[in-house]
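The block underneath contains the structure these notes are about, expressed in structure tokens.
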Amino acid sequence: MNSTSLFALLMLLTDVSSFQTGGFSSVSSLSPTLQFSNSIQQSRKEDESRTIDSHLQRGRRRVMNSRLYSSNGNGKFDITRPTFDLYSLRSIRGDALVRYNSLNQSEPLRINLYLIALVTCFSYSSLSEAVFDEPASLEGTVASILAGGFATFRFIRECSRRSEKLSKIEKESNAQKLPIRLPSNFAKKNPFVERPFISETVELRQVFGSGRRILAICGPGEALKSALVDAQVLRRRLSQANVLIVPVPTDLTSSVREYYANELQLDMELVKSVPFVAEADNVPEWAEYFRSLLEEDENNPNVVGKELVWFGLSSSGKSFGSGVGLPRWLEILGQSLLPMEMLDQDESEVLQAESGDGEHSARNQVLLAQKQFYKALTEGSLDNIQNVYDVSSSKQVTEVLDQGGTLDDWELCLRDGARPADLKTGDPDVLVVSDEMAYSTTIEFPLPNDPSASLLAVQQWVRSKDGDEEEWKLQLHQTIPWGPDTRAGATLRCDCRGCTALASSRPVKSQYNWRGMID
């Protein structure tokens, strides 16, 4: 190879670099009252539309029209049209490629430099004769081969990282066009709403601009029903974190709304009062998207429709987690779905329960039992703790112990200096699932002078006999750091035996994790 041909090759590679890294500018893609008579049905729909439009206005301003018009003729240019990427050797959504280039401006440059280096090193013999007019030496040949091998390794590694990032961005971009129906109280609370969801369909990208996060769960009815029980337990916390749950059934036999109410037993009154669930529109499109997340996984090729599959997107449309199986709600809240505002120490619901006359409702009974638990905890009374707890062991604590975890018994946990003597609680909530089981949540403040240091606690209660009477007994207590500026590093689980702590750790590469399928 002479010097002229080498110069032509380098110019060609430089032109490729310019095409891959330039030529595009940065693009942002984040893009109701009582029914008096049938004659005002249409008017109500228009009011709904205007309300939603006003609250999604900011999101829509941040979403660019995906159709760009060409400068010649009447042709149209679609920015989402797939473009062949030379380095990943496959077609990529055009908008995903533009977003990647705007966020990773140095990576294409590194790839091009490694490519030039490997070509130069492996062309050492020809360059030596063309430039120095003498044959390449043995030492120089060996050094060029080693340097070329290193440059090849780094080139392949950078191309692989580029392909992974592009795949993630592409999946996030595909999710933003999925359609949903928002809860009627999405814009503002209205105690007189008649329907749980609005009639207008919106895309996910319009929701992101309003600061909402999305957690979508796909699976058969029984598995979805189990997941939604946990979601209803945490409904107030999900609302505080600005999260919408989107259930996607794979065995839909009726309308989505009827399926939610009948098959999944979703309490529509809860949805009306606390907007934490959105209705999936065009369920087949949603199911196909979930399948696309798993199409590259050899271990779970046909898992959609058999098991739960979930993914979560932040308010900017980026993935914060995904996986197969029942979501670990408490851990996800502690790590990724933090509250949007400072939490307060409101105990009005407990005071109302204490002031009730005669027979208390099940909800009030659980609230009073919860207060007894915290009184025993802060005072360090072992007898009262044992009286509050059910004698049966919790499977969640047993799971940790079976994996080698350690347990501190209650005698140790209640010692001076070990127990949270100054702990305050606020904003309690209760969900009575059946006559035998209930759940409660509350916000814990271990430092009374620092309201920003808060924890989210979840308790599972069972009704058991205590002599001739039945009382609510605590079976499991879980707590995790949860505040606007606090990302949890550990969680605590307690039952009648004591407490065990779990620290967060990096998941094994081969396992599904909070960011596994999209990332």
Side-chain angles (χ1 to χ4, degrees), residues 1-27 82-173 295-299 318-319 505-513 515-519:
M1 179 183 294
N2 56 31
S3 58
T4 303
S5 62
L6 177 62
F7 179 77
L9 176 61
L10 293 178
M11 289 298 293
L12 176 61
L13 292 175
T14 304
D15 289 341
V16 172
S17 173
S18 177
F19 174 77
Q20 290 292 328
T21 59
F24 294 95
S25 60
S26 177
V27 175
T83 302
F84 186 79
D85 181 59
L86 292 174
Y87 294 140
S88 57
L89 298 178
R90 66 186 182 91
S91 294
I92 305 292
R93 280 178 57 127
D95 56 340
L97 197 56
V98 171
R99 179 179 167 191
Y100 168 83
N101 287 331
S102 65
L103 296 176
N104 302 274
Q105 297 181 6
S106 65
E107 192 168 83
L109 176 61
R110 291 199 304 270
I111 295 175
N112 288 322
L113 289 176
Y114 285 130
L115 178 59
I116 294 173
L118 72 90
V119 172
T120 303
C121 289
F122 287 128
S123 302
Y124 168 73
S125 298
S126 300
L127 287 173
S128 179
E129 294 179 359
V131 176
F132 301 106
D133 198 21
E134 61 181 29
S137 63
L138 178 61
E139 295 84 355
T141 301
V142 172
S144 65
I145 292 175
L146 292 176
F150 174 76
T152 302
F153 164 74
R154 297 300 293 263
F155 173 74
I156 294 175
R157 189 185 70 169
E158 294 295 332
C159 287
S160 177
R161 290 179 175 177
R162 173 187 176 91
S163 181
E164 290 176 357
K165 291 180 180 179
L166 282 170
S167 179
K168 175 180 180 292
I169 295 174
E170 197 171 31
K171 291 175 180 178
E172 291 172 347
S173 299
E295 62 184 3
E296 299 177 0
D297 180 57
E298 299 177 355
N299 298 321
K318 295 182 180 181
S319 162
S505 62
R506 191 175 184 86
V508 180
K509 182 69 175 177
S510 60
Q511 294 177 342
Y512 278 109
N513 56 80
R515 306 175 69 92
M517 290 187 307
I518 292 186
D519 289 13

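The residues of the chain are indexed from 1 along the displayed sequence. All values reported here derive from a predicted model rather than from experimental measurement.
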Check: With E158, which residues qualify under salt bridge (Lys or Arg N to Asp or Glu O under 4.0 Å), at least two apart?
Finding: R110, R161
Notebook entry, point to check: Is a side-chain N or O of S144 found less than 3.5 angstrom from the main chain of T141, in a donor-acceptor match?
Noted result: yes
Notebook entry, point to check: Taking all atoms of both residues into account, what is the closest heavy-atom pair of I92 and L97, and its distance?
Noted result: CG2-N, 4.3 Å
Note to self: Can you list everything that forms a side chain to side chain donor-acceptor pair (under 3.5 Å) with Y100? Sequence neighbours excluded, please.
What the structure shows: E107
Item checked: Heavy-atom closest pair, residues R90 and F84 -> N-CE1, 3.6 Å
Notebook entry, point to check: Under 3.5 Å, side chain of S173 to main-chain N/O of I169, donor-acceptor pair present?
Noted result: yes
Notebook entry, point to check: With sequence neighbours left out, which residue pairs that include part of residues 114-125 fulfil the salt bridge (Lys or Arg N to Asp or Glu O under 4.0 Å) condition?
Noted result: none
Note to self: A side-chain contact here means heavy atoms from C-beta on lying under 4.5 Å apart; do L103 and K165 qualify?
What the structure shows: no
Next item on the list: For I111 and C159, work out which heavy atoms get closest and say how close.
Entry: CG2-SG, 3.9 Å
Checklist line | Atom pair CG (L127) and SG (C121), whose distance is rounded to the nearest 0.5 Å | finding: 9.5 Å
Next item on the list: Go through the structure and list residues passing side chain to side chain donor-acceptor pair (under 3.5 Å) with T152, not counting sequence neighbours.
Entry: none
Next item on the list: Examine distances only and state if a side-chain atom of S137 and a backbone atom of G140 form a donor-acceptor pair shorter than 3.5 Å.
Entry: yes
Item checked: Closest approach of P108 to N101 (non-hydrogen atoms, all atoms of both residues) -> CG-OD1, 4.1 Å
Next item on the list: Tell me, please, which residues at least two apart from R154 pass side chain to side chain donor-acceptor pair (under 3.5 Å).
Entry: Y114
Checklist line | Residue pairs, two or more places apart or on separate chains, that pass salt bridge (Lys or Arg N to Asp or Glu O under 4.0 Å) and touch residues 114-125 | finding: none
Item checked: S319 to E172 - nearest heavy-atom pair and separation -> N-OE2, 2.8 Å
